Amino acid sequence: MVVNDLEQGLSDFAVIVEPPDLSKYNYLSLPGGDTWGLLMRTDNPLAQKASICPEDLQGLPLITSPQSIRVDLPRWCGEAVDHLNIVGTVNLFYNGSVFVREGLGCLLVFDRLANVSPENGLCFRPLSPGLETKMYIIWKKYQVFTPIAERLVDLLKQRFSENQERN
C-alpha cells in the first residue's frame, strides 16, 4: 500500500518492514527492530511460558498479517509454517487484538503494540528462537526532492549514523 503511493508519486517516503528492492529504492535502515511474539489471553496455558517455540503453536488457531505468512514466519520456523493453523489475517493490529480478547485465536505480532496490563486480560510472549524484523525508510532512486524533503533525508542520515556509532 505505502509502496504503491510511493510509486505513484503520492508520497516521497515510505516506511516498510521488508528489505527494500535495491534496484528501485534508496533506503535507510531504522535503528533497532521489532520483536515478534504471541499475543494471547492471560487464561491461555501458553501464558505460563516465558517464550513460544514453533511446537507450541501446533493446532492453535492463529491470526497474523498476510506479509508475516510470506516473509517473517518462514524465517522463524521454516517449513513448519505450512503446519500452522492460520485461521485469519489482519492488516490492523487493533482488529486482531479484539479477536484475541474474544477468544477467536492468538495473534502473531510485534511486541509493545498491545495493552498487556492485568486488567486488559492479554499477555505477550516472545518467540523462541527470537525473531526480529527491521524497518526501513525508502524513497525512489533518482527522486528529485523539494528542499524540505532533501533536508529531512540529510537529517535522517545524520541521526541514524550517530545511532550506529553509539551501538
Side-chain angles (χ1 to χ4, degrees), residues 1-40 51-52 54 57 62-78 81-82 84 86-101 105-117 120 122-167:
M1 289 190 209
V2 295
V3 174
N4 290 340
D5 288 352
L6 193 65
E7 286 297 323
Q8 294 175 11
L10 300 174
S11 298
D12 289 331
F13 306 98
V15 177
I16 60 171
V17 295
E18 290 182 27
D21 177 350
L22 298 180
S23 69
K24 296 173 78 174
Y25 305 109
N26 290 322
Y27 73 96
L28 289 171
S29 178
L30 298 176
D34 287 306
T35 300
W36 281 89
L38 188 68
L39 182 69
M40 67 194 110
S51 62
I52 304 299
L57 301 181
L62 298 172
I63 304 162
T64 192
S65 70
Q67 178 178 322
S68 71
I69 296 169
R70 285 189 327 273
V71 178
D72 301 297
L73 296 178
R75 285 191 303 127
W76 177 61
C77 63
V81 74
D82 296 332
L84 296 178
I86 308 286
V87 297
T89 60
V90 293
N91 289 318
L92 300 173
F93 158 76
Y94 178 76
N95 295 346
S97 70
V98 170
F99 296 149
V100 171
R101 195 172 299 111
C106 297
L107 183 65
L108 288 163
V109 69
F110 294 147
D111 193 6
R112 296 184 303 272
L113 292 179
N115 173 1
V116 291
S117 60
N120 198 31
L122 298 177
C123 65
F124 177 91
R125 297 294 179 265
L127 299 180
S128 177
L131 177 63
E132 188 173 275
T133 297
K134 294 199 57 62
M135 296 182 78
Y136 305 87
I137 186 166
I138 64 172
W139 60 94
K140 286 170 46 175
K141 284 195 173 188
Y142 316 111
Q143 174 78 29
V144 178
F145 288 123
T146 62
I148 194 70
E150 187 68 44
R151 177 75 176 128
L152 176 62
V153 169
D154 292 343
L155 288 172
L156 291 172
K157 286 178 179 177
Q158 177 184 358
R159 178 66 182 260
F160 295 151
S161 67
E162 288 172 4
N163 285 341
Q164 297 292 335
E165 291 169 7
R166 283 187 222 150
N167 291 334

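What you are looking at is a predicted structure, and each value in this text was computed from that prediction instead of being measured.
Taking a cutoff of 4.0 Å between a charged side-chain nitrogen and a carboxylate oxygen, Arg75 and Asp72 qualify as a salt bridge.
Listed by chain and residue number, nothing satisfies the side-chain hydrogen bond (donor to acceptor under 3.5 Å, both in side chains) test with Thr146 (two or more places apart in sequence, or in another chain). Under the rule for a side-chain contact (heavy atoms from CB on, under 4.5 Å), Asp82 has no partner lying at least two apart in sequence or in another chain. Taking Ser68 as the reference, Thr64, Ser65 meet the side-chain hydrogen bond (donor to acceptor under 3.5 Å, both in side chains) condition, with sequence neighbours excluded.
Annotation: side chain of Val87 is not in contact with side chain of Phe99 (no heavy-atom distance under 4.5 Å). With contacts defined as side-chain heavy-atom distances shorter than 4.5 Å, the pair Gln143/Tyr25 does not qualify.
Put simply, the side chain of Lys134 gets close to the backbone of Gly32: a donor and an acceptor are under 3.5 Å apart. Asp34 places no side-chain N or O within donor-acceptor distance of the main-chain N or O of Phe110, the cut-off being under 3.5 Å. A donor-acceptor pair is defined here as one N or O able to donate and one able to accept, closer than 3.5 Å; no such pair exists between the side chain of Asn120 and the backbone of Leu122.
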- I would like to know whether Ile63 and Asn95 meet side-chain contact (heavy atoms from CB on, under 4.5 Å); could you show each step before the answer? CA-CA 10 Å; Ile63 304 162; Asn95 295 346; over 6 Å; no

- Message: Leu38 vs Leu108, test: side-chain contact (heavy atoms from CB on, under 4.5 Å). Steps then yes/no.
- Response: CA-CA 5 Å; Leu38 188 68; Leu108 288 163; 3.8 Å; yes

- Task: May I have the step-by-step check of side-chain contact (heavy atoms from CB on, under 4.5 Å) for Phe93 and Leu39, ending in yes or no?
- Result: CA-CA 11 Å; Phe93 158 76; Leu39 182 69; 3.9 Å; yes

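Closest non-hydrogen pair, Phe124 versus Val116, comes out as N-CG1, 4.0 Å.
Taking the six-membered ring where tryptophan is involved, the planes of Tyr136 and Tyr27 are perpendicular, since the angle between them exceeds 60° and thus also 30°.
Counting non-hydrogen atoms of other residues, nucleotides and ligands closer than 6.0 Å to CG of Leu155 gives a total above 12.
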